[in-house]
Amino acid sequence: MEYFIEVILPIALPQTFTYKVSEAEFDYIKIGSRVAVPFGKSKFYTGLVQQKNYNPPTLYEAKEIHQIIDAFPVVTQIQLKHWEWIATYYMCCIGEVYRTALPTALLLESETIISANRNEEIITDNLTDEEYLVVEALQQQSSLKITEVTSILNKKKVLPIVHQLLNKGVITLQEEMVDQYKPKLVRYVRLYPEFNEANKLESLLLLLKSAQKQKEVVLSYFQLKATLKKPISVKELSESSGISTTVIKALIDKEIFEEYYIQQDRVSFDEVEESQINLSLPQSEALQKIQQGFDNKEVCLLHGVTASGKTEVYIKLIESYLLQGKQILYLLPEIALTTQLVSRLTQHFGNKVAVFHSKYTNNERVEVWGQVLHSSEKAQIVIGARSALFLPFQDLGLIIVDEEHEQTFKQVDPAPRYHARDAAIVLAKFHDAKVLLGSATPSIESYYNAQIGKYALVELSERFGNAVLPEIHLVDLKDNYFRKKMTGHFSQFLIDAITEALYNGEQIILFQNRRGYSPVIECLTCGHVPQCPHCDVSLTYHKFKNQLRCHYCGYSMAKPNACHACSSIDLTSKGFGTEQIEMELSSLFPTKNIKRMDQDTTRGKYAFERLIDSFKNREIDILVGTQMLAKGLDFDNVSLVGILNADSMLYFPDFRAFERSYQMMTQVSGRAGRSEKKGKVVIQTYNPIHNTIQQVTHHDYIGMYKEQLYERHIYKYPPYFKLIKLTLKHKDFDKLKESSMWLYQVFKQQFDIPILGPEEPPVSKIRNEYIRTILIKIPQEKHLGNTKKAIRKVLNSFEAISQYKAVKVSVNVDFY
Ligand code: ADP
Ligand code: ZN
Ligand code: ZN
């Protein structure tokens with residue numbers, strides 16, 4: 001009899017692959033465990049076993065695997081089912097889902113690049129001969145492909161060695177070389193057995209009689225051991241004896257102390273006293289209604305105004321699932337938000353909280369993966385951005401999707417282009433778990449689902465305690481410019497409000513949505529604006545570096561002194577971003593501490609956290625920022641929020657522009673007056689009577705919802721129609737035009753549903769590739785699965801046309 005396994009490979013091919021194994025391997029291998037397999041001429045991948053069977057493949061000769069990596073599954077059956085759902089629903093390959101789901105360190109392949117971990121002192125005694133060879137090679141060259149390790153060691157099966165080296169912290173994967181590594185091995189000491197008894201103390205002290213300091217260390221050690229009853233680290237010993245570690249080193253050299261290392265969890269929180277929460281009456285009513293809602297619905301939407309205390313309600317709900325021993329997943333739209341939340345949750349749940357997100361190093365991610373897989377108490381509650389959805393949960397009880405309206409829950413590139421909220425609801429179903437969606441400004445889709453009874457709906461319409469919703473003032477920019485009441489981009493009204501808040505010792509948040517409104521350099525003589533040579537966009541002016549930069553491809557050039565087109569030196573900057581606002585503020589309020597929060601100032605691993613902390617500690621008076629500021633942050637001393645220009649969001653060419661503008665403005669406003677003092681919001685706009693702005697002013701979510709729902713109905717958008725966007729890219733303009741027309745016409749002929757396009761998007765060229773899009777709208781009454789199959793069929797025949805081969809097509813289901 002022959003034995004085969006079906007393996008998922010982390011590549012964008014639609015099928016799984018069959019490999020041959022021996023009978024012993026067949027018995028040993030478990031579904032959901034990893035195997036290293038050859039692929040093509042000389043490559044190998046880490047594959048995942050999806051099935052075991054006895055049927056050889058019909059189209060090719062099955063190769064043998066290189067080796068089995070895991071003795072036990074690292075992926076659960078539920079995950080495999082979930083991946084399949086994602087691949088089918090979002091029209092991508094299961095290999096792409098696999099690649100996204102697993103931390104890179106679990107996915108080593110022939111092309112993976114490793115290098116020495118420079119933040120770690122290498123302890124070579126710890127290494128086997130083969131490991132040592134690799135480390136030695138890495139001292140001569142800065143990095144190695146794993147294929148090169150194969151030739152250094154002269155064997156095919158090198159993955160276990162690489163895994164070991166990663167575990168020991170001796171090497172890192174190339175991608176994270178920029179990351180600052182935290183030490184993960186803590187050095188401990190213990191006495192050699194021959195000294196390790198109380199009655200040996202005397203002879204030991206005698207031995208050290210001429211070394212006073214070493215004697216003191218030994219005494220300290222015995223004291224610590226008596227009180228601590230746990231391993232003693234070198235650091236502790238040095239601190240408690242007040243004697244430097246070199247003395248301890250001497251004792252190690254004398255072979256009195258033995259040193260050893262214990263792997264610490266990289267992410268550990270200090271033990272904290274669990275604090276009690278008493279829910280207010282509206283909060284406990286809401287909690288009760290959520291629990292009742294879960295009696296007959298899988299999903300509940302909590303619509304609670306900003307600062308109503310949704311987080312406190314979540315915490316109470318989590319408690320009840322913890323008691324049942326279930327795992328809990330808490331999804332956040334942005335890793336940036338985790339700091340505040342982690343400290344709030346650890347206050348209640350201590351070390352049961354684990355964090356998982358992309359800014360963590362590979363080792364940190366692998367560790368959380370293992371904890372979740374083994375239902376470790378340390379990761380009973382997992383907080384994370386969308387990728388946390390892919391962790392190997394064993395017994396999930398509850399998923400919370402906080403700020404469910406946020407678009408960052410949707411992955412845009414690369415595939416799988418999934419929406420974490422929607423994928424979470426499906427995952428919950430597989431676990432028989434419940435989902436709580438929370439927001440002050442729910443997405444139209446979720447609120448609609450609640451209205452039609454698909455989700456339970458719970459409203460929390462008051463702020464917690466004595467806090468009330470802020471008062472919103474509109475400033476008419478047209479009128480203010482006309483009457484010369486503007487200083488730069490600030491109206492007198494806003495300046496007065498800032499002055500007053502500062503006078504009262506309160507803090508201020510100013511919001512400038514840079515999107516579509518970045519500063520550019522324009523020639524006053526001929527009107528020329530420098531463009532990116534590779535993309536269809538103007539270059540953005542960065543004053544601080546005196547550079548022009550492309551936000552799409554990263555191209556940059558020094559700011560020109562004269563116009564490239566006509567050589568005139570009359571250049572001016574137009575439009576404004578956060579940077580310019582920050583400068584204007586500094587000249588208006590020169591003595592105040594003003595800081596900016598945007599993508600440019602929050603790049604480092606902890607940059608965002610540092611800004612938030614110092615704002616929270618009131619070291620910053622005014623914080624200027626982009627939409628990053630709109631997301632669920634809780635500050636108690638902010639009395640004023642200013643929105644410098646509301647219009648740039650309103651007129652963004654997107655069917656969600658008004659919904660988004662409402663959400664953004666309401667969320668930023670929600671940062672004001674979150675405790676005793678009433679907050680104030682100033683919105684500067686050219687359109688004070690615009691419906692959306694009026695709805696924001698009157699906290700009228702329902703008004704916004706009804707108006708938008710009506711428009712969605714008329715113009716055929718979600719929730720009434722499902723959208724699938726196809727994006728075609730090619731370097732050759734004519735070929736792209738022709739091929740997208742071909743595709744459009746085939747769709748038009750075969751489907752009696754709205755097909756739009758092929759359209760040139762607002763940015764129609766990126767990195768020298770031209771872009772066209774086709775939008776497919778699927779009405780509710782059409783069978784979604786069948787329509788997708790039919791679309792896939794057309795795409796397959798498109799890909800089979802030889803002259804269109806180089807045209808790249810990407811599919812985005814539920815395009816946002
Ligand atoms: P939301 O998430 O709805 O915007 P938060 O959960 O951040 O609101 O709550 C707003 C503020 O009110 C927070 O500082 C929170 O600590 C406080 N708060 C809310 N509910 C309670 C409660 N029951 N007891 C004590 N403080 C509360
Ligand atoms: Zn010019
Ligand atoms: Zn560019």
Side-chain angles (χ1 to χ4, degrees), residues 275-287 290 301-319 330 332-333 337-348 400-406 436-442 458-470 518 520 529-540 542 547-557 612 616 629-638 641 663 666-677 679 699 701 762-771:
S275 59
Q276 276 302 314
I277 305 175
N278 294 310
L279 292 187
S280 67
L281 188 63
Q283 287 173 341
S284 49
E285 279 172 3
L287 177 64
I290 293 167
L301 172 64
L302 173 60
H303 175 211
V305 298
T306 53
S308 55
K310 293 185 287 296
T311 320
E312 318 290 328
V313 176
Y314 301 153
I315 289 173
K316 280 285 173 192
L317 190 66
I318 290 173
E319 246 165 40
Y330 192 132
L332 282 167
L337 282 178
T338 46
T339 331
Q340 272 207 343
L341 185 74
V342 168
S343 67
R344 275 171 85 172
L345 287 198
T346 42
Q347 252 170 43
H348 296 282
I400 291 172
V401 185
D402 197 11
E403 314 289 350
E404 68 86 29
H405 63 277
E406 278 290 342
L436 181 63
L437 310 178
S439 174
T441 53
V458 177
E459 307 262 358
L460 198 50
S461 48
E462 289 168 30
R463 284 192 154 185
F464 172 74
N466 296 321
V468 288
L469 286 172
S518 313
V520 295
V529 174
Q531 305 284 312
C532 175
H534 312 295
C535 311
D536 164 36
V537 289
S538 309
L539 293 170
T540 303
H542 287 247
Q547 258 185 356
L548 300 183
R549 272 220 299 267
C550 170
H551 284 185
Y552 285 85
C553 72
Y555 170 87
S556 70
M557 62 190 263
I612 296 289
K616 195 144 190 144
L629 282 173
K631 291 172 189 168
L633 293 165
D634 185 33
F635 304 109
D636 61 358
N637 188 42
V638 174
V641 164
Q663 289 163 339
T666 303
Q667 292 286 350
V668 199
S669 306
R671 302 314 114 205
R674 290 173 73 86
S675 53
E676 302 290 305
K677 267 169 279 175
H699 308 290
Y701 175 80
V763 176
S764 66
K765 182 179 135 195
I766 295 178
R767 296 173 199 270
N768 292 320
E769 284 184 317
Y770 294 94
I771 307 168

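Counting convention: from 1, in listed order, for ligands and their atoms alike.
For the pair Tyr555 and Leu548, the minimum side-chain heavy-atom distance is 4.5 Å or more. Arg344 places a side-chain heavy atom less than 4.5 Å from the side chain of Glu312.
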side-chain hydrogen bond (donor to acceptor under 3.5 Å, both in side chains) assessment of Gln531 paired with Ser538:
CA-CA 4 Å; Gln531 305 284 312; Ser538 309; 3.3 Å; yes
Mind running side-chain hydrogen bond (donor to acceptor under 3.5 Å, both in side chains) on Thr441 and Gln667 for me, showing each step along the way?
CA-CA 8 Å; Thr441 53; Gln667 292 286 350; 3.0 Å; yes
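Taking a 4.0 Å cut-off on heavy atoms, Ala307 registers as neighbouring ligand 1.
The closest donor-acceptor contact from the side chain of His699 to the backbone of Pro470 lies under 3.5 Å. Between the side chain of Arg463 and the backbone N or O of Thr306, at least one donor-acceptor pair lies under 3.5 Å. Although no hydrogens or angles enter the test, the distance criterion places a donor-acceptor pair under 3.5 Å between the side chain of Ser284 and the main chain of Leu281.
With sequence neighbours excluded, no residue satisfies side chain to side chain donor-acceptor pair (under 3.5 Å) with Ser308. For Tyr701, the ring pair (Phe, Tyr, Trp, His ring centres under 6.0 Å) partners are His303, Tyr447, not counting sequence neighbours. Scanning for side-chain contact (heavy atoms from CB on, under 4.5 Å) contacts around Glu462 gives Pro282, with sequence neighbours left out.
Neither the backbone nor the side chain of Arg463 has a heavy atom within less than 4.0 Å of ligand 1. Proximity of Asp636 to ligand 1, defined as any heavy-atom pair under 4.0 Å, is not found for any part of the residue. The residue Leu460 has no part lying near ligand 1, judged by heavy-atom distances below 4.0 Å.
When the heavy-atom distances from atom 8 (O) of ligand 1 to Gly309, Gly670, Gly465 are ranked, the shortest goes to Gly309. The option from Glu403, Gln667, Arg344 that lies nearest to atom 5 (P) of ligand 1, judged by heavy atoms, is Arg344.
Between Arg671 and ligand 1, not a single N/O pair is under 3.5 Å apart. Inclusion of Gln283 in the set of residues having an N or O under 3.5 Å from an N or O of ligand 1 is warranted.
Within the protein, the N, O or S atoms sitting under 2.8 Å from the Zn ion (ligand 3) are Cys532 SG, Cys535 SG, Cys550 SG, Cys553 SG.
Close approach to Asn278 involves these atoms of ligand 1, each under 4.0 Å from a residue heavy atom: 22 (C), 23 (N), 24 (N). Residue Thr311 has at least one heavy-atom neighbour below 4.0 Å for each of these atoms of ligand 1: 2 (O), 5 (P), 6 (O), 7 (O). Close approach of ligand 1 to Leu279 is summarised as follows: ligand atoms under 4.0 Å from at least one heavy atom of the residue are 23 (N). Set against the non-hydrogen atoms of Val305, the atoms of ligand 1 under 4.0 Å away are 3 (O).
Val305 and Ala440 get closest at one heavy-atom pair: C-CB, 3.9 Å.
When each of Arg549, Gln547, Met557 is tested with Leu539 by the rule side-chain contact (heavy atoms from CB on, under 4.5 Å), just one qualifies, namely Met557.
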